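Quick caveat, the model's predicted, so the values are computed rather than measured. The chains referred to below are lettered A, B, ... by the order of the sequence lines, with proteins before strands, and numbering in each begins at 1.
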Amino acid sequence: MQITKKDYAELTKKRSPNTKLPKTLTKAFLIGGAICVIGQGFLNLYTRLGFDKIDAGALTSVSLMFIAAVLTGFRIYDKIARHAGAGSIVPITGFANSVVSPALEFKTEGYILGVGAKMFVIAGPVILYGITASVIYGVILYVFGR
Amino acid sequence: MDYLWAFLVGGTICLIGQLLIDLTKLSPARILVSFVVAGVFLSAIGWYGALVEFAGAGATVPLTGFGYLLAEGVKKAVQTDGLIGALTGGFTAASCGLATVMILGLLVSLLFKRGDRVS
């Protein structure tokens, strides 16, 4: 999903009447749940192929992100996202979409400041604050001994 | 049975995200950031690990699972390497996912046409 200020304003306008709340919640639940079921399918498959827990999990993420990237390239993910809302934003596929979508969109501005910079417009903050939280956790673990 | 729990737990986490979007007007970017940080925090206090055991991909596929991955990576690195592990653990654990998503972003921008934006 292409998340710009304008889109977000449109989204909020579209969703502001809370009469639509049950519908958006149901869609987010069903589509988000379905994406996790597909993930579970990959996880079971890779586990059966003999990968350990960590590798099977990593391969599951790679598979889901690959599918999301292709669907983003064909403009299908954006269409799903218009219905699914958080159901397509919160799963790892949404993270992949948040990288691939601006990368493609800003191709016209070149591969350095277009693709290279803009692909991190959402992933950048996610990585920054995720890593910051993990470093704080690590320091606490170290100071208080495990 | 693991599919059912994956569906229910994964769906519920997305539903919480949708509630935040609808009721608080938080932008999707803020939702993603909060979910990753929440994932790190819930893993640190030991709750998220239990949820992962229980719900499998239902807990690891949502972005809170990315936070779980970071927290687990840091925990392991601090145990083996000490304080430097606090700096290396997160990126080490996330390296596979981050490298993948960057390569995919580059490949799609190379292979696909920009096209008209669907809004």
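Of the charged side-chain nitrogens involved, at least one lies within less than 4.0 Å of a carboxylate oxygen, so that A:Lys53 and B:Glu53 count as a salt-bridged pair.
Hydrophobic cluster membership differs between A:Val121 and A:Leu113, with clusters built from Ile, Leu, Val, Met, Phe, Trp and Tyr side chains linked at under 4.5 angstrom. Follow the hydrophobic side-chain contacts under 4.5 Å out from A:Val139 and you reach A:Leu128 in the same cluster. A:Phe95 and A:Leu43 are assigned to two separate hydrophobic clusters, defined by single-linkage of ILVMFWY side chains at heavy-atom distances under 4.5 Å. Using a 4.5 Å cut-off between side-chain heavy atoms of Ile, Leu, Val, Met, Phe, Trp and Tyr, with links allowed through other members, A:Tyr77 and B:Val101 fall into the same hydrophobic cluster. Note on A:Val37 and B:Met1: same hydrophobic cluster, where clusters join Ile, Leu, Val, Met, Phe, Trp and Tyr whose side-chain heavy atoms are under 4.5 Å apart, directly or indirectly.
Side chains of A:Thr72 and B:Phe112 form no contact here, defined as non-hydrogen atoms less than 4.5 Å apart. Side-chain contact check for B:Leu23 versus A:Leu21: some heavy-atom pair is nearer than 4.5 Å. Put simply, the side chain of B:Cys96 does not reach to within 4.5 Å of the side chain of A:Ser61, judged on heavy atoms. Contact annotation: the side chain of A:Ile131 approaches that of B:Leu70 to within less than 4.5 Å [non-hydrogen atoms, C-beta and beyond]. Taking the side chain as every heavy atom from C-beta outward, B:Leu98 and A:Ile127 approach each other to under 4.5 Å. Using a 4.5 Å heavy-atom cutoff, the side chains of A:Ile54 and B:Lys76 are in contact. Using a 4.5 Å heavy-atom threshold, the side chains of A:Phe66 and B:Leu104 count as touching. Between A:Thr93 and B:Val61 the shortest side-chain heavy-atom distance does not fall below 4.5 Å.
Ranking B:Leu4, B:Leu106, B:Leu110 against chain A, the residue ahead of the rest is B:Leu110, based on heavy-atom pairs under 4.5 Å. Taking chain B as the reference chain and counting heavy-atom pairs below 4.5 Å, the highest number among A:Phe120, A:Phe42, A:Phe74 is found for A:Phe74. The residue among A:Asn44, A:Leu59, A:Ile31, A:Val115 with the most heavy atom pairs within less than 4.5 Å of chain B is A:Asn44. Of the listed residues (B:Gly89, B:Gly90, B:Pro62), the greatest number of heavy-atom pairs within a distance under 4.5 Å of chain A belongs to B:Pro62. Chain A forms the most heavy-atom pairs under 4.5 Å with one residue out of B:Val108, B:Val36, B:Thr88, and that residue is B:Val108. Of the listed residues (A:Val62, A:Ile136, A:Val70), the one with the most heavy-atom contacts under 4.5 Å to chain B is A:Val62. The candidate with the highest count of non-hydrogen atom pairs below 4.5 Å against chain B, out of A:Ala68, A:Gly32, A:Ser134, A:Ala133, is A:Ser134. With chain A as the partner, the residue from B:Val74, B:Leu69, B:Thr64, B:Leu87 showing the most heavy-atom pairs under 4.5 Å is B:Val74.
With A:Lys107 contributing its side chain and B:Lys113 its backbone, the two residues share no donor-acceptor pair below 3.5 Å. Panel note: side chain A:Gln40, backbone B:Tyr3; no donor-acceptor pair is recorded below 3.5 Å. Put simply, the side chain of B:Gln18 never gets that close to the backbone of A:Ala28: no donor and acceptor are under 3.5 Å apart.
Atom CG of B:Leu15 is separated from atom OG1 of A:Thr24 by 8.5 Å, given to the nearest 0.5 angstrom. Between the CG atom of B:Leu111 and the CG atom of A:Leu104 there is a distance of 10.0 Å, given to the nearest 0.5 Å. Between B:Ser109 atom OG and A:Glu105 atom CD the span is 11.5 Å, to the nearest 0.5 Å. Taking OH of A:Tyr142 as the reference point, atom CD1 of B:Ile84 lies at 11.0 Å (rounded to 0.5 Å).
Here the closest heavy-atom approach between residue A:Cys36 and residue B:Gly10 is recorded as SG-CA, 3.5 Å. Smallest separation of non-hydrogen atoms from B:Arg114 and A:Arg75: O-NH2, 2.7 Å. Shortest non-hydrogen contact noted between A:Val90 and B:Leu32 is CA-CD2, 4.3 Å. The shortest non-hydrogen separation linking A:Gly130 to B:Val37 is N-CG2, 4.5 Å. Shown here for A:Ile122 and B:Ala29, the closest heavy-atom pair between the two residues is CG1-CB, 4.2 Å. In terms of heavy-atom proximity, A:Gly39 sits nearest to B:Ala57 at C-CB, 3.6 Å.
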(request) Kindly indicate, with the supporting measurements, whether the criterion side-chain contact (heavy atoms from CB on, under 4.5 Å) is fulfilled by B:Leu63 and A:Val126. (result) CA-CA 10 Å; B:Leu63 257 240; A:Val126 169; 4.0 Å; yes
(message) Assess the residue pair A:Thr60 and B:Thr60 against the criterion (side-chain contact (heavy atoms from CB on, under 4.5 Å)); give the C-alpha distance rounded to whole Å, side-chain angles, the decisive distance to 0.1 Å, and a yes or no.
(response) CA-CA 10 Å; A:Thr60 299; B:Thr60 54; over 6 Å; no
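At most 12 heavy atoms of other shown residues, nucleotides or ligands fall within 6.0 angstrom of atom CD1 in A:Ile112. Residue A:Lys118 places its NZ atom among more than 12 non-hydrogen atoms of other residues, nucleotides or ligands, all under 6.0 Å distant. Atom CG of A:Leu45 has more than 12 heavy atoms from other residues, nucleotides or ligands within 6.0 Å.
Using a 4.5 Å cut-off between heavy atoms, A:Met65 contacts chain B through both its backbone and its side chain. The parts of B:Leu8 that come within reach of chain A are both its backbone and its side chain, each placing non-hydrogen atoms under 4.5 angstrom from that chain. Proximity to chain A (any heavy atom under 4.5 Å) is restricted, for B:Ala55, to the backbone atoms N, CA, C and O. Looking at B:Ile31, only its side chain comes within 4.5 Å of chain A, counting heavy atoms on both sides. If you measure heavy-atom distances from B:Leu107 to chain A, you find no contacts under 4.5 Å at all. With a 4.5 angstrom heavy-atom cutoff, A:Leu25 touches chain B via backbone and side-chain atoms both. Contacts of B:Val33 with chain A are made by both backbone and side-chain atoms, with heavy-atom separations under 4.5 Å.
Proximity of the aromatic rings of B:Phe7 and A:Phe29 is defined here by a centroid distance below 6.0 angstrom, and this criterion is met. B:Phe41 has its ring centre no less than 6.0 Å from the ring centre of A:Tyr137.
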